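Data block below; observations after.
Residue numbers count from 1 along this sequence. Bear in mind that the values here come from a model prediction, so they are computed numbers and not experimental data.
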Amino acid sequence: MTGTVAVVTGAARGIGRGIALVLGEAGATVYVTDRESRERRHSELPGTVEDTAEQVSGRGGTGVPVRVDHADDRAVEELFARVRAEHGGLDLLVANACAGNALPFREARSGRSRSTTGTT
């Protein structure tokens, strides 16, 4: 996948992080996006875009950390304009961002989490 340019959303931790790391092992350039950054935290859970990007680079790819709130259309437009300017386009998009919180599954099932539609 050397030469492949990917954007992985929701990649500070969890499935998005795992996908970004595998893409890095394959030699891809991976734009690692999430709301979680070292400068701005939304959760107490570990993981930031910088952490994942460093790990992508450490596995042979090129990790590019970008703090993006994917609920903000303008921020998303800026992300893709940056990818286009730096690489001419995008080869792979992994749409993994979630507007929910990171409660353990048991707590989420009990109705203590908010859904992405604003209802519980």
Side-chain angles (χ1 to χ4, degrees):
M1 294 194 80
T2 301
T4 298
V5 177
V7 169
V8 181
T9 71
R13 62 178 148 276
I15 293 169
R17 177 179 169 273
I19 293 169
L21 296 180
V22 170
L23 290 169
E25 288 174 357
T29 296
V30 182
Y31 285 77
V32 176
T33 74
D34 202 289
R35 295 184 312 164
E36 296 290 336
S37 71
R38 291 178 185 156
E39 293 178 7
R40 188 164 181 202
R41 299 300 308 235
H42 292 270
S43 170
E44 295 178 12
L45 295 173
T48 66
V49 291
E50 295 88 357
D51 297 337
T52 302
E54 288 168 2
Q55 293 169 358
V56 166
S57 295
R59 292 176 182 228
T62 302
V64 182
V66 185
R67 191 187 74 72
V68 176
D69 181 345
H70 286 277
D72 179 345
D73 290 342
R74 185 173 187 172
V76 173
E77 289 173 9
E78 290 171 0
L79 165 67
F80 288 104
R82 176 179 174 183
V83 172
R84 193 171 21 262
E86 294 178 358
H87 295 282
L90 178 67
D91 299 304
L92 177 65
L93 171 64
V94 179
N96 180 65
C98 175
N101 60 27
L103 289 175
F105 181 71
R106 183 173 299 167
E107 290 181 30
R109 285 186 56 212
S110 71
R112 287 188 256 171
S113 68
R114 71 169 200 241
S115 76
T116 58
T117 62
T119 62
T120 56

- Query: With sequence neighbours left out, which residue pairs that include part of residues 46-83 fulfil the ring-ring contact (aromatic ring centres under 6.0 Å, His included) condition?
  - Reply: none
- With a 4.5 Å heavy-atom cut-off, do Val68 and Val76 have their side chains touching? yes
- For residues 2-11, which residue pairs qualify under salt bridge (Lys or Arg N to Asp or Glu O under 4.0 Å), counting only residues two or more places apart or in two chains? none
- Query: Rounded to the nearest 0.5 Å, what separation is found between the CG atom of Asp51 and the CZ atom of Arg13?
  - Reply: 10.0 Å
- Message: Whether the side chain of Thr33 engages the backbone of Pro65 through a donor-acceptor N/O pair (distance < 3.5 Å, no angle test) should be reported.
- Response: no
Distance-only check: which donor-acceptor pairs under 3.5 Å involve side-chain atoms of residues 17-29, not counting sequence neighbours?
| unit_1 | atom_1 | unit_2 | atom_2 | d |
| --- | --- | --- | --- | --- |
| Arg17 | NE | Gln55 | OE1 | 3.1 |
| Arg17 | NH2 | Gln55 | OE1 | 2.8 |
| Glu25 | OE2 | Arg59 | NH1 | 2.6 |

Residues 82-93 side chain polar contacts: donor-acceptor under 3.5 Å, at least two apart:
| unit_1 | atom_1 | unit_2 | atom_2 | d |
| --- | --- | --- | --- | --- |
| Arg82 | NE | Glu86 | OE2 | 3.0 |
| Glu86 | OE1 | Tyr31 | OH | 2.4 |
| His87 | NE2 | Tyr31 | OH | 3.1 |
| Asp91 | OD2 | Val5 | N | 2.8 |

- Message: Assigning hydrophobic clusters by single linkage (Ile, Leu, Val, Met, Phe, Trp, Tyr; side-chain heavy-atom cutoff under 4.5 Å), is Met1 placed with Val8?
- Response: yes
- Item | Atom pair CG (Asp69) and CZ (Arg74), whose distance is rounded to the nearest 0.5 Å | 14.5 Å
